[in-house]
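Reckoned from all heavy atoms, side chains included, excluding hydrogens, waters and symmetry mates. Numbers for residues simply follow the sequence, beginning at 1.
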Amino acid sequence: MFDKTEETRQQSAERPAREWVKILSGYREPDTTRSLFELAVTLGPFLLLWALAWWSLGISYWLTLAISVINAGFLLRLFAIQHDCGHGAFFKNRSMSDWLGRVIGVLTLTPYGVWRHTHSVHHSTSGNLGRRGMGDIHTMTVAEYSALTPFHRLMYRLYRHPVVLFGLGPGYLFLVQNRVPLGLMGRARFWLSAMGNNAGILLGLGLIGYFGGLMPILLIFLPSTLLAATAGVWLFYVQHQFETAHWDNDEDWQLHDAALHGSSHYVLPTALQWLSANIGIHHVHHLYSRIPFYRLPEVLRDHAELAEGNRMTIRESLSNARMHLWDEETRRLLTFSQVRAKFAKATA
């Protein structure tokens with residue numbers, strides 16, 4: 001994976017990660033007209049498809065389900081817009097961004113204030129072995145895993161299994177975990193964010209149930225929500241979980257190096273790149289999170305070295321689901337079988 005990793009890291013070495021911050025600052029200003037356009041071409045089709053799916057209930061449940069599957073892509077894009085709002089990258093006015101983020105949060109089942117804080121922690125600690133635990137997918141080192149009891153090894157293996165991460169995990173995260181501010185239980189403002197989000201969701205579902213009964217919830221709301229959640233978790237996973245990802249102990253960790261080298265450039269087909277709002281250009285986003293998503297391709301067009309850095313295709317990304325343990329010796333993310341082979345070789 002990443003055939004050009006060493007080459008591109010050598011190129012990046014010519015321009016230290018910290019220097020990129022000044023260059024990328026020139027792309028940070030959002031365009032209000034463009035932002036409103038992106039919101040319209042995402043929210044408009046989302047609402048239209050919801051209405052179309054509701055109408056199709058009287059024709060065929062399979063047609064309803066098919067429309068809901070398509071609409072999951074627009075729900076994912078709404079989450080990406082909410083994501084930019086959290087970074088203050090969608091409108092110049094921060095208050096406008098925050099209120100839009102709160103409203104979209106009702107559709108994405110994500111309490112905006114809680115998510116904005118945990119995601120900020122993720123950006124400020126990504127790749128730091130000493131500050132894992134909030135806003136990320138838990139990753140253990142080989143040494144930590146080897147020191148576990150058999151039971152706790154089994155628990156970690158279950159947690160990292162694709163069926164759990166991408167099958168059970170998304171539904172649990174958005175339907176259950178997001179309902180309370182886990183990790184922030186002692187702060188009133190996060191409870192307000194979570195409970196306000198819950199109230200908006202209950203109001204919406206109550207209206208749907210009152211006018212349409214149970215079937216719109218079962219065949220429109222749940223399928224589109226769960227598919228969008230699964231796609232979102234997968235994107236978040238591959239953006240930081242790859243063989244040559246960047247992890248360091250707290251004393252050696254550098255924010256900008258971790259951002260540039262610890263985030264992937266997920267190369268997607270045009271339609272998927274549009275639906276995911278260019279979030280695959282994640283190394284640039286982590287290096288300068290205030291850049292609006294619609295300006296990220298502009299960065300790559302202007303700076304070829306960033307366009308080549310940490311490139312990952314869909315085919316390459318599929319193997320990432322097998323990598324679970326960070327080896328501090330080789331500075332690689334390894335599979336469980338690779339770790340077993342390493343242990344066997346060491347004791348031979």
Please lay out, stage by stage, how Ile220 and Trp50 fare under the test side chain to side chain contact (heavy atoms under 4.5 Å, CB included). CA-CA 7 Å; Ile220 306 174; Trp50 239 102; 3.4 Å; yes
Side chain to side chain donor-acceptor pair (under 3.5 Å) for Ser68 and Ser224? Distances and angles first, verdict last. CA-CA 5 Å; Ser68 300; Ser224 59; 5.6 Å; no
Passes side chain to side chain contact (heavy atoms under 4.5 Å, CB included), Leu165 versus Val233? Steps please. CA-CA 8 Å; Leu165 278 180; Val233 170; 5.5 Å; no
His256 vs His261, test: ring-ring contact (aromatic ring centres under 6.0 Å, His included). Steps then yes/no. CA-CA 8 Å; His256 302 103; His261 303 302; over 10 Å; no
Just do the side chain to side chain contact (heavy atoms under 4.5 Å, CB included) check on Tyr145 and His152 with the steps written out, would you? CA-CA 9 Å; Tyr145 178 76; His152 287 97; over 6 Å; no
Take Asn320 and Ser317 through the test side chain to side chain donor-acceptor pair (under 3.5 Å) and record every step on the way to the result. CA-CA 5 Å; Asn320 292 341; Ser317 71; 5.4 Å; no
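Within the 4.5 Å cutoff, the side chain of Leu287 has heavy atoms near those of the Leu24 side chain. Arg116 is listed as a side-chain neighbour of Asp98, based on a closest heavy-atom distance under 4.5 Å. Using a 4.5 Å cut-off on side-chain heavy atoms (C-beta onward), Gln241 and His324 make no contact. At least one side-chain heavy atom of Tyr294 sits under 4.5 Å from a side-chain heavy atom of Asp31. Residues Met140 and Leu148 have side chains in contact (heavy-atom distance under 4.5 Å, counting atoms from C-beta outward). Taking 4.5 Å as the limit, some side-chain heavy atom of Leu333 sits within range of a side-chain heavy atom of Thr139. The shortest side-chain heavy-atom distance between Ser126 and Asp136 does not fall under the 4.5 Å cut-off. When side chains are defined from C-beta on, Arg322 does not count as touching Phe336, because their heavy atoms never get closer than 4.5 Å.
Nearest heavy atoms, Arg77 versus Ala277: CG-CB, 4.4 Å. Trp253 and Ala258 get closest at one heavy-atom pair: NE1-CB, 3.3 Å. In plain terms, the two heavy atoms of Pro292 and Pro30 that are nearest each other are CG-CA, 3.6 Å. Counting all heavy atoms, side chain and backbone alike, Met323 lies closest to Tyr237 at O-OH, 3.2 Å. Taking both residues in full, the closest heavy atoms of Ser56 and Leu63 are given as CB-CD2, 3.8 Å, listed atom of the first, atom of the second, then distance. Of all the heavy atoms in Ala231 and Leu76, the pair that sits closest is CB-CD2, 4.1 Å.
In this structure, Arg332 is not positioned above the aromatic face of Trp326 in the sense of NZ or CZ being under 6.0 Å from the six-membered ring centre and within 45° of the axis.
Between Trp115 and Phe79, the ring center distance clears the sub-6.0 Å criterion. Between His123 and His285, the ring center distance clears the sub-6.0 Å criterion.
We find that Glu316 and Arg311 are not joined by a salt bridge, their nearest charged nitrogen and carboxylate oxygen being 4.0 Å or further apart.
The aromatic rings of Tyr159 and Tyr156 sit tilted, their planes meeting at an angle between 30° and 60°. Note: His117 and Phe190 have tilted aromatic rings, judged against thresholds of 30 and 60 degrees for the angle between ring planes.
Between the side chain of Tyr172 and the main chain of Val164, no donor-acceptor pair closer than 3.5 Å is present. Not one N or O on the side chain of Ser263 forms a donor-acceptor pair closer than 3.5 Å with the backbone of His283. Although no hydrogens or angles enter the test, the distance criterion places no donor-acceptor pair under 3.5 Å between the side chain of Arg290 and the main chain of Glu29. The backbone N or O of Gly130 sits less than 3.5 Å from a side-chain atom of Asn128, completing a donor-acceptor pair. In terms of modelled atom types and a separation under 3.5 Å, the side chain of Ser146 and the main chain of Ala143 share a donor-acceptor contact. Looking only at distances, no side-chain donor or acceptor of Asp84 sits under 3.5 Å from a matching main-chain atom of Phe90. Although no hydrogens or angles enter the test, the distance criterion places no donor-acceptor pair under 3.5 Å between the side chain of Arg331 and the main chain of Asp248. In this structure, Tyr288 contributes its side chain and Tyr27 its backbone to no donor-acceptor pair below 3.5 Å. Counting only distance, with no hydrogens or angles, the side chain of Arg132 and the backbone of Leu129 share a donor-acceptor pair below 3.5 Å. Checking side-chain atoms of Thr110 against main-chain N and O of Thr108 turns up a donor-acceptor pair under 3.5 Å.
Only one option out of Val299, Ile281, Ile23, Leu296 pairs with Leu306 in a side chain to side chain contact (heavy atoms under 4.5 Å, CB included); it is Val299. Evaluated for a ring pair (Phe, Tyr, Trp, His ring centres under 6.0 Å) with His83, the options His282, His119, His122 yield exactly one hit, His119.
Looking at Arg295 and Asn278, their side chains never bring a donor and an acceptor atom within 3.5 Å of each other.
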